[in-house]
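Okay, structure first, notes after.
We count ligands from 1, going down the list as the structure has it; atoms in each ligand are counted the same way. These values consider heavy atoms only, across backbone and side chains, with no hydrogens, waters or symmetry-generated copies.
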Amino acid sequence: MRVQVRNILLLPIFFVLAIAQEKELDWWETTIFYQIYPRSFKDSNGDGIGDLNGITENLQYLKDLGIGATWLSPIFKSPMYDFGYDIADFYAIQEEYGTMEDFDRLIAKANELDIKIVLDFVPNHTSNESVWFEEALKGHEKYYDYFIWEDGVVDENGNMHPPNNWVSVFRKSAWEYREEVGKYYLHQFVIGQPDLNFRNQDVVEEMKNIVRFWLDKGVAGFRVDAIAHLFEVDKELYGGRFPDEPLAGNGDDDPENYGYLDHIYTKDQDETFDMVYQWREVFDEYKGKDGLTRVMMTEAYSSPQLTMRYFGEGDREGAQMPFNFVLISDVDGSSTAAEIKYALDKFLTFKPIDKLSNWVAGNHDNNRVASRFSPEMVDGINMIVLLMPGIAVTYMGEEIGMVDGYVSWEDTVDPSGCNTDDPINYWTASRDPERTPFQWNAEQNAGFSTGAATWLPVAEGYETLNVEVQSVTERSNLNVYKKLAQLRTEPAFRHGRYESVAFNNDVFAFKRWRNGEIYVVVVNFRGDSYTIDLSYFENVTGQLETIVSGIQSPKNAGETFEASRVEILGSESVVFKVL
Ligand SMILES: *[C@@H]1O[C@H](CO)[C@@H](O)[C@H](O)[C@H]1NC(C)=O
Ligand SMILES: *[C@@H]1O[C@H](CO)[C@@H](O)[C@H](O)[C@H]1NC(C)=O
Ligand SMILES: CC(=O)N[C@H]1CO[C@H](CO)[C@@H](O)[C@@H]1O
């Protein structure tokens, strides 16, 4: 009797302790980031090119999906040799996308809906048509020092060659000669993208001022592009000249290929991490003023060890979200369930214990989920992205399972495709297929534009694969996505623990649990059916209730199954809850 009384007295104390342990999460830790590629989202003025007003008019669509933040690919003034990743004026909006007033209206509408706007920051280079580069060519010393110049090498016959063997990411020498200057400038990407000299303090300050300019306008953070290429080695350590890079020795024997060299002097330099920490200080300056956390996402296709350095080091903070690209780089539709598990575990294993993972399955640089995996896997991948522990990132169109569009050689505009000079195999390098217009409805140009033509062709099949059709179809990728976005707000997904297993070659499953609430997510990556014993997971016993099922699944929400023998059909994906 006495014991019982004591327990009753202790109960409220345990309850208070449990609540206190629930760490209060910040906006960016729970939200879904939706990537918009502005050129292809919605054209509001009929010129065949998406624009800012098109985004503003459709922010409600994001809200209805359950999305709290969107990052926009570049909207800045650009000659568009690389569709906005070559920036001519970091302080201005590209005319075809709209005006600064349009941008202010976008921010106002986003604030109204409580959607955060994150912009793309492209610090690795500027455009060769930027005022800075033009001034540099005219001999303006301040701007000359914004770039990286080097003398050519003259051979015994008096012919001039590039300063060293460095090659551009897009093939061929990374050096381009300029008559006006009598020197070569460095471009790690296309010729039209001269690299900025981050060893020049003026450049460092200028870039921070750009960040401040947009933060002052109300953006909630930046996604930083191609960060790994920010710095080159300090040439003063090598007698004042940039040294040759060693051969990669990987069997690639074409000296014009990027893969020919091991990029020890042009990639992942220590100074890069320091610069990220400096930008974070600027972000925190703003948080200090108004309490709102500004978020930094960094894009680097690097090893997990290097990727983790972007989070911070010692007492210096860095990016909150160094992108986790495993679902893009490490696996595809041919991967086994074990390979999927191995890939998903990677970031979770390497990340610092007090940091969050993030999940990205698609973006404007990689083929779409429906094409890299298969259309049947769209719901399964969305379950992984939205229900794994950490932050979810969705590339526009993945919520409806858009497929790569067919873009003929004649219609190809991406420099990565055009630079192949190969009308047969260009498509393997082109990024146009994942950039085709967003599919709103079955009308002309999939409802993207009322114009006669669009900048890229609309993908085939849009008559049935679009937002409007999927909204009114009970079982659609879109409606599954909405349910998952809702489900992810449950404490088991926000704060819960995680365990995963490959049941066989094809079936991957994971458990999320918290305070007695237990969910199991099962994804079958192939067409065969299996009977799975989910009681493999501790405490997963008795009856399971179907919470969300993919469109390949015959299971209805509310239907129950015996945990020890659940029939999982081909390509089926389901979220169960233990009753
Ligand atoms: C910029 O570079 C592109 C090649 O990417 C070239 O076609 C263009 O003429 C260059 N512009 C200037 C002003 O040098
Ligand atoms: C299993 O359930 C027990 C009793 O509710 C709980 O104490 C334990 O933490 C659970 N373990 C797991 C792995 O779910
Ligand atoms: C990896 C990568 O290509 N990064 C960006 C920086 O530079 C090139 C050229 O702008 C762009 O293609 C990128 O998006």
Provide, to 0.1 Å, the distance between atom 9 (O) of ligand 2 and the closest protein heavy atom, together with that atom's residue and name. Asn539 ND2, 4.7 Å

Record the part of Glu517 in heavy-atom contact with ligand 2 below 4.0 Å; permitted values are side chain, backbone, both and neither. neither

Min side-chain heavy-atom separation Tyr37-Asn363 under 4.5 Å: no

Using 30° and 60° as the class limits, which term best fits the ring planes of Trp214 and Phe103: parallel, tilted or perpendicular? perpendicular

Counting only heavy atoms, which portion of Glu176 has something under 4.0 Å from ligand 1: side chain, backbone, both, or neither? neither

Where on Glu129 is there a heavy atom closer than 4.0 Å to ligand 1, on the side chain, on the backbone, on both, or on neither? side chain

Is atom 2 (O) of ligand 2 in close reach of the protein, with a heavy atom under 4.0 Å away? yes

With distance as the sole criterion, is a donor-acceptor pair present between the side chains of Asn367 and Asp404 under 3.5 Å? yes

Take atom 7 (O) of ligand 2 and look for protein heavy atoms under 4.0 Å from it; say yes if you find one, no if not. no

Only heavy atoms of Trp513, strictly under 4.0 Å: list the atoms of ligand 2 that pass. 12 (C), 13 (C), 14 (O)

Starting from atom 4 (C) of ligand 1, locate the nearest protein heavy atom and write down its residue, its atom name and how far away it is, to 0.1 Å. Gly192 N, 4.1 Å

Shortest non-hydrogen contact between Glu490 and Glu517, atoms and distance: OE1-OE1, 4.0 Å

Which atoms of ligand 1 have any heavy atom of Arg178 under 4.0 Å away? 14 (O)

Applying a strict 4.0 Å limit to heavy atoms, is Arg497 in contact with ligand 2? no

How far is atom 10 (C) of ligand 1 from its nearest protein heavy atom, and which residue and atom name does that atom have? Asn128 ND2, 2.5 Å

Assess, by modelled atom type and distance only, whether the side chains of Arg171 and Asn257 contain a donor and an acceptor separated by less than 3.5 Å. yes

Checking Tyr498 side chain against Arg512 main chain: does a donor-acceptor pair fall under 3.5 Å? no

Heavy-atom distance under 4.5 Å between the side chains of Lys183 and Tyr177, does that happen here? no

Would you say the side chains of Glu96 and Gln94 form a donor-acceptor pair under 3.5 Å? yes

